Structure formats: C-alpha cells, structure tokens
Amino acid sequence: MSFTLAIVGRPNVGKSTLFNRLVGKRLALVDDQPGVTRDLREGDARLGPLRFIAIDTAGLEDARDDSLQGRMRRLTERAVEMADICLFVVDARAGITPTDQIFAEILRRKNAHVILAANKAEGRAGEAGALEAYALGLGEPLRISAEHGEGMDDLYRVLEPLA
Ligand code: GDP
Ligand code: MG
C-alpha cells in the first residue's frame with residue numbers, strides 16, 4: 001500500500017521545487033477535467049525507500065489576478081480530494097500571509113490530513129516564519145529547504161508511518 005501526497009499552498013512558496021526533488025522526471029499530467037488541464041501534475045515520488053504518488057498544484061502562476069483566488073481554491077480542493085495527505089507549504093522567509101490563511105481554511109474545511117512545511121528554511125533563515133506557521137493551528141511545521149534538500153529526513157520520518 002502506498003499513498004498520495006498533494007503539495008498545496010500559495011504561489012511561489014516552493015511547491016514545484018519540492019515536487020521536482022521528489023519526482024524528478026517521473027511525472028504525468030492530470031488532464032481528465034476541462035479547465036484544469038496541466039494545472040495538476042502527478043508523479044511517482046521517492047524519498048529514501050518510500051514510494052508514493054505526489055501531486056503538484058501547478059498552473060497558478062499564470063492565472064490572471066482577478067481569477068487567481070477562485071482558481072487556487074478549485075485546484076486545491078481537487079488536489080485534496082485526490083490525496084490521502086496534504087503537504088501544506090508556506091514560505092518561512094516571507095512569514096504567514098493572508099493567502100496562506102485562505103489555504104489553511106480550505107484544508108480545515110475539507111478536513112484534510114495536513115502536514116505543514118515551512119520551506120526556504122535553509123541554514124537558520126526563516127526561524128521567525130516557521131514560528132509564525134505554528135499559529136495556523138495545523139501542528140508543528142517541518143522546516144525544510146526544497147532547493148537545498150534540507151529537512152528531507154524529517155519529512156521522511158513523518159511520511160514513513162503512513163506508507
Ligand atoms: P511554487 O510556485 O510554489 O511552485 O514555487 P516554485 O517551486 O516555483 O519556487 C518559487 C521560488 O522559490 C523559485 O525562485 C525557487 O527557486 C525558490 N525556492 C524554492 N525552494 C526554495 C528553498 O528551499 N529556498 C530558497 N531560498 N528558495 C527556494
Ligand atoms: Mg509551481
């Protein structure tokens with residue numbers, strides 16, 4: 001038995017960087033629904049000995065501002081429905097924004113199983129942002145750096161019991 005992990009969060013927090021680290025080139029596009037074609041990427045993820053399906057909510061970056069919020073909501077809800085677990089990524093350097101709060105609300109309302117990750121926390125950067133993330137009420141944030149591969153051991157420890 002394996003599981004499906006949806007990587008969710010507002011644009012620019014590092015979701016795709018993490019997805020690419022986990023999936024490499026083993027990806028497929030999810031294109032069974034008009035309007036969201038190419039907006040969800042699915043791939044065979046590997047983390048140490050773990051194998052699972054990862055979903056990246058892509059396609060948010062080029063949305064027009066006036067449609068961005070609805071689009072983020074639809075895509076995120078769909079990803080949550082497809083997944084067993086959601087990795088909610090925030091930017092530890094930027095701290096928690098009102099848009100992060102919207103995502104937290106979507107995840108709460110959907111009753112999703114959430115793992116919180118404060119990304120861009122390489123070195124000691126993002127200590128304050130990681131602390132702020134506690135206030136989302138979604139548990140202790142994992143401090144990770146998708147770009148530098150830091151915190152992947154902690155992510156493994158959290159995911160391993162779910163496999
Ligand atoms: P997405 O919009 O959430 O998919 O975010 P991306 O993966 O496209 O990353 C957005 C920006 O953040 C890019 O410039 C990345 O290089 C940068 N980024 C991603 N992960 C990290 C990280 O761990 N540390 C730092 N410093 N930058 C990162
Ligand atoms: Mg992306």
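Just follow the structure's listing: the first ligand is 1, and inside any ligand the first atom is 1. Predicted model only: the values in this text are computed from it and were never measured.
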Handout entry: Option nearest atom 5 (O) of ligand 1 (shortest heavy-atom distance, choices G149, G14, A118)
Key = G14

Practice task
Please say whether more than 12 non-hydrogen atoms of neighbouring residues, nucleotides or ligands are located less than 6.0 Å from CZ in R124.
Solution key: no

Practice task
Enumerate the atoms of ligand 1 whose separation from the nearest heavy atom of K15 is less than 4.0 angstrom.
Solution key: 1 (P), 2 (O), 3 (O), 4 (O), 5 (O), 7 (O)

Practice task
From atom 28 (C) of ligand 1, work out which of R41, E147, R21 has a heavy atom at the shortest distance.
Solution key: E147

Exercise for the section: Would you mind telling me if ligand 1 is within reach of the side chain of L18, the backbone, both or neither, using heavy atoms under 4.0 Å? Expected result: neither

Exercise for the section: Determine, for R21 against E147, whether the closest basic-nitrogen to carboxylate-oxygen distance falls under 4.0 angstrom. Expected result: no

Practice task
Please confirm if an N, O or S atom belonging to N12, backbone or side chain, lies less than 2.8 Å from the Mg ion (ligand 2).
Solution key: no

Fill in the blank from the handout: For P11, the atoms of ligand 1 under 4.0 Å from one of its heavy atoms are 2 (O)

Problem - Charged N-O contact under 4.0 Å between E122 and R143 - result: no

Handout entry: Lys/Arg N to Asp/Glu carboxylate O, R10 vs D100, below 4.0 Å
Key = yes

Practice task
Using distance alone, determine whether A121 and ligand 1 share an N or O pair under 3.5 Å.
Solution key: no

Problem - Distance-only N or O hit between ligand 1 and D56, under 3.5 Å - result: no

Exercise for the section: From the options I7, V89, V8, N12, select the one whose nearest heavy atom is closest to atom 11 (C) of ligand 1. Expected result: N12

Practice task
Indicate yes or no: does an N/O atom of I144 lie under 3.5 Å from an N/O atom of ligand 1?
Solution key: no

Practice task
Using distance alone, decide if ligand 1 has a nitrogen or oxygen within less than 3.5 Å of any nitrogen or oxygen in S16.
Solution key: yes

Handout entry: N-O pairing of K15 and D56 below 4.0 Å
Key = no

Exercise for the section: Determine whether L159 and Y156 fall in the same hydrophobic cluster, where Ile, Leu, Val, Met, Phe, Trp and Tyr are linked whenever their side-chain heavy atoms lie under 4.5 Å apart. Expected result: yes

Problem - Residues E77 and R74 bridged, charged N to O under 4.0 Å - result: no

Exercise for the section: Taking all non-hydrogen atoms of both residues into account, name the closest pair between F3 and F52 and its distance. Expected result: O-CB, 3.2 Å

Exercise for the section: Specify side chain, backbone, both or neither for E122, according to which of its non-hydrogen atoms lie closer than 4.0 Å to ligand 1. Expected result: side chain

